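Since the structure comes first, as structure tokens, the remarks are kept for the end.
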There are 2 protein chains.
Amino acid sequence: MATISDVANRAGVSTATVSRALNGKATVDPELAARVLAAAEELGYRPNGPARNLRKQETAVLALIISDVENPFFTAIARGVEDVAHEAGYSLVLCNSDDTADKERQYVDVALQERVAGVLLSPTGSAETAELLARHSTPVVAVDRPLPDHPSDTVLVDNRLAAKHATLHLSGQGYGRIGCLTGPSGVPTADDRLAGYRDGLRASKLPGSASLVRRASFKAEGAQRAAHALLTQADPPDALLVGNSAMAVGVLEALAALRLKPGRDVGVVAFDDAPWTTLLDPPLSVVAQPAYDMGALAARLLLDRISGDRAETSTTTLSAHLVVRGSSSR
Amino acid sequence: MATISDVANRAGVSTATVSRALNGKATVDPELAARVLAAAEELGYRPNGPARNLRKQETAVLALIISDVENPFFTAIARGVEDVAHEAGYSLVLCNSDDTADKERQYVDVALQERVAGVLLSPTGSAETAELLARHSTPVVAVDRPLPDHPSDTVLVDNRLAAKHATLHLSGQGYGRIGCLTGPSGVPTADDRLAGYRDGLRASKLPGSASLVRRASFKAEGAQRAAHALLTQADPPDALLVGNSAMAVGVLEALAALRLKPGRDVGVVAFDDAPWTTLLDPPLSVVAQPAYDMGALAARLLLDRISGDRAETSTTTLSAHLVVRGSSSR
DNA sequence: GTGAAAGCGCTAACAG
DNA sequence: CTGTTAGCGCTTTCAC
């Protein structure tokens, strides 16, 4: 592949001039600049990224490490990140941690090695990753979940409050035995939603009970089993607060299998909005999270930090809002 | 950040030895190797990726350029790619072209600059991109759509045949005026599905008519408008073949707004399976594409080509299969 | 088995 | 305004 000196030879100038011309530095004779541009074009010249990055000691790439590319919540975040990154001339490397501390550490490792300008992370909660990041000076912002132990810029949503509101809504609709299906213990979003659910129960003077709560992975399958167990036990719940939209699929399947109708038989509110929720009969009530905005904001914070504009770390908590549809009233 | 010579100093050896030790070359005194490893650990040393890439004239990263991270079909492909890439020690850079020739070219450009080992591309159809790729020697494999004009390794699905089967199925269920809602003209998958639909019509001796066909972007919104127009015209279709799952959402919304029930009033088959399709009443019949497998296969082809194992380019066409559910029978 | 030294392609002083 | 030159951090001959 053509190098800068090939271009220099062809244009009859030095490599320095080529570099200046190609990078749009002011001080280049227009005529020479034109010759350089022409030569570069003819040769199909592309600057060698690694060489440039090595020399400049910086890259124009951001890494985004999320737990699941197939989860619409995270892809919406990715969209937000990508739009502002792209706007600012940065590329985005997307990585899947699968919510695994090990894969997460591996990806953080390569991000560090490749000397990315910054990393956006939805942390699994592994202290090791946080440690790793803290030891190096690469700017980081945590999205959706905080980075354990080490303060960093963070963009969260107020899951606890949203869960409380959803629970109060259910209670207000006359459901008296509200259950909760949330994610794995230790995952902050899962724990916060559970806490908010308990807040809601308390505020509406409803009885809480361990038998009304189940945990599962944030996937459809586990949620289906958990919902089935919950609904077939003695004294089953008459409403369910569900941890995310993938789980909602499982819950709805379990309901259908038991010939229970959302709303009429069992009130349902799930976290995450999705385009298909309005197609159901009845449509699904949801807690909509501002995923795109979270991504965009996180990217902006990261870019600011990269350019050294801010010193103090900040935590921004966005609010989610309840969208009431048919599945949460009889 | 610590460099290789910091490590060398601390271990009391040369940088060459550090390099050899860290890369697991056989010929290093075990005792020295241990000292090197210890020093590297203590300093939190990470090899400088750009420097290494520059020196080795190669990188361990693959670029995947798709039109939409929020489209489950493409994320499933990404999953397949990522799993095999990761397995082979490669990282994946994911980029969104938004089905825009311009963004696509831009991303191909950075991929070329960063000297990625190879690129996987779901081409928009822009000849310019194909040209660009062909001029440089970076290995490429096209996924889901062929690269215009320039032969390359390609992984496709037989959209045409699948569309024909779906149409025949609809006709077999007694629908006599089958319509088709497909993607933008020029997008091969959209055109192939339309062609297959026409094949199906012909094979079942059903009348074709321009008034039964509409094009829209592969998104819900446009599809909703198009479906509404189709269904409110004189002599509306009694069944619809729909281009993808996002469009299906729009179509189903249009149907609901018109108080038309899928299956009973209008038969519906849509491309792409999705977890929520079984939650609908009636459940949605779909053409399921082997997206994950496409990604995995494409990645394997690319890896083979990178290691120079193959010379001839190949085109692999996978088949999609019809999943019959309630929306395509009365 | 180990070290010295060259050089990957580029940018940024520094001279002219 | 342009060219010469050094050097980013690493791997890899080439000597020893």
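What you see below is based on every heavy atom in this structure, not just the backbone, and it leaves out hydrogens, waters and symmetry mates. Treat the numbers as computed from the prediction; the structure is a model and nothing was measured. Below, read A as the first sequence line, B as the second, and so on, with proteins coming before strands; counting in each chain starts at 1.
Among residue pairs with one or both ends in residues 128-143 of chain B, those qualifying as salt bridge (charged side-chain N to carboxylate O under 4.0 Å, His left out) are Arg105(B)-Glu128(B); sequence neighbours excluded.
The closest side-chain heavy-atom distance from Leu120(A) to Leu302(A) is below 4.5 Å.
A side-chain donor-acceptor contact under 3.5 Å links Thr3(A) and Ser5(A). Between Ser97(A) and Thr100(A), the side chains place no donor N or O within less than 3.5 Å of an acceptor N or O (distance only, hydrogens not considered). For the residue pair Asn23(B)/Arg52(B), the side-chain donor-acceptor check at 3.5 Å is satisfied. No hydrogens or angles considered: nothing links the side chains of Asn53(A) and Glu114(A) as a donor-acceptor pair under 3.5 Å.
Here Ser314(B) pairs with Asp153(B) under the side-chain hydrogen bond (donor to acceptor under 3.5 Å, both in side chains) rule; sequence neighbours left out. In terms of the salt bridge (charged side-chain N to carboxylate O under 4.0 Å, His left out) criterion, residue partners of Arg145(B) (sequence neighbours excluded) are, by chain and number, Asp99(B).
End-to-end axis angle for the helix from dG1(C)-dC16(D) to dG16(C)-dC1(D), using five pairs per end and rounding to 10°, comes out at 40°.
Annotation for Val143(A) and Pro123(A): closest pair O-CD, 4.0 Å, computed over non-hydrogen atoms.
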Polar atoms only, N or O, under 3.5 Å: list the protein pairs with nucleotides 6-8 of chain C and their distances.
| from | atom 1 | to | atom 2 | distance (Å) |
| --- | --- | --- | --- | --- |
| dG7(C) | N2 | Arg55(B) | NH1 | 3.3 |
| dC8(C) | O3' | Gln57(B) | NE2 | 3.0 |

Using a cutoff of under 3.5 Å, can you pull out all pairs of nitrogen or oxygen atoms linking the protein to nucleotides 14-16 of chain D, with atom names and distances?
none

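Checking dC10(D), dC1(D), dG3(D) against the side-chain heavy atoms of Pro47(B) singles out dC10(D) as nearest. Set against dT11(D), dT11(C), dT2(D), the side chain of Ser19(B) has dT11(D) as its closest nucleotide.
Between the side chain of Thr75(A) and the backbone N or O of Ala78(A) there is no donor-acceptor pair closer than 3.5 Å.
Rounded to a whole Å, the CZ atom of Arg46(A) is 17 Å from the P atom of dG9(C). The CD-P distance, from Glu114(B) to dG9(C), rounds to 15 Å in whole Å. The distance from atom CG of Leu22(A) to atom P of dG9(C) is 16 Å, rounded to the nearest whole Å. Rounded to whole Å, atom C1' of dG1(C) lies 7 Å from atom CG of Asp29(B). With rounding to whole Å, Glu58(B) atom CD is found 13 Å from dT12(D) atom C1'. Atom CG of Asp6(B) and atom P of dC8(D) are 12 Å apart (whole Å).
Of the side-chain N and O atoms in Ser14(A), none sit less than 4.0 angstrom from OP1 or OP2 of dT4(D). Note on Asn23(B): a side-chain N or O is less than 4.0 Å away from OP1 or OP2 of dT11(D). Distances shorter than 4.0 Å separate none of the side-chain N or O atoms of Arg52(B) from OP1 or OP2 on dG9(D).
If you look at Tyr45(A) and His136(B), their ring centroids are not closer than 6.0 Å.
Within a 6.0 Å radius of NZ in Lys219(A), other residues, nucleotides and ligands contribute 12 heavy atoms or fewer.
If Lys25(A) and Pro30(B) are placed on DNA chain C by their nearest nucleotide, the residue sitting closer to the 5' end is Pro30(B).
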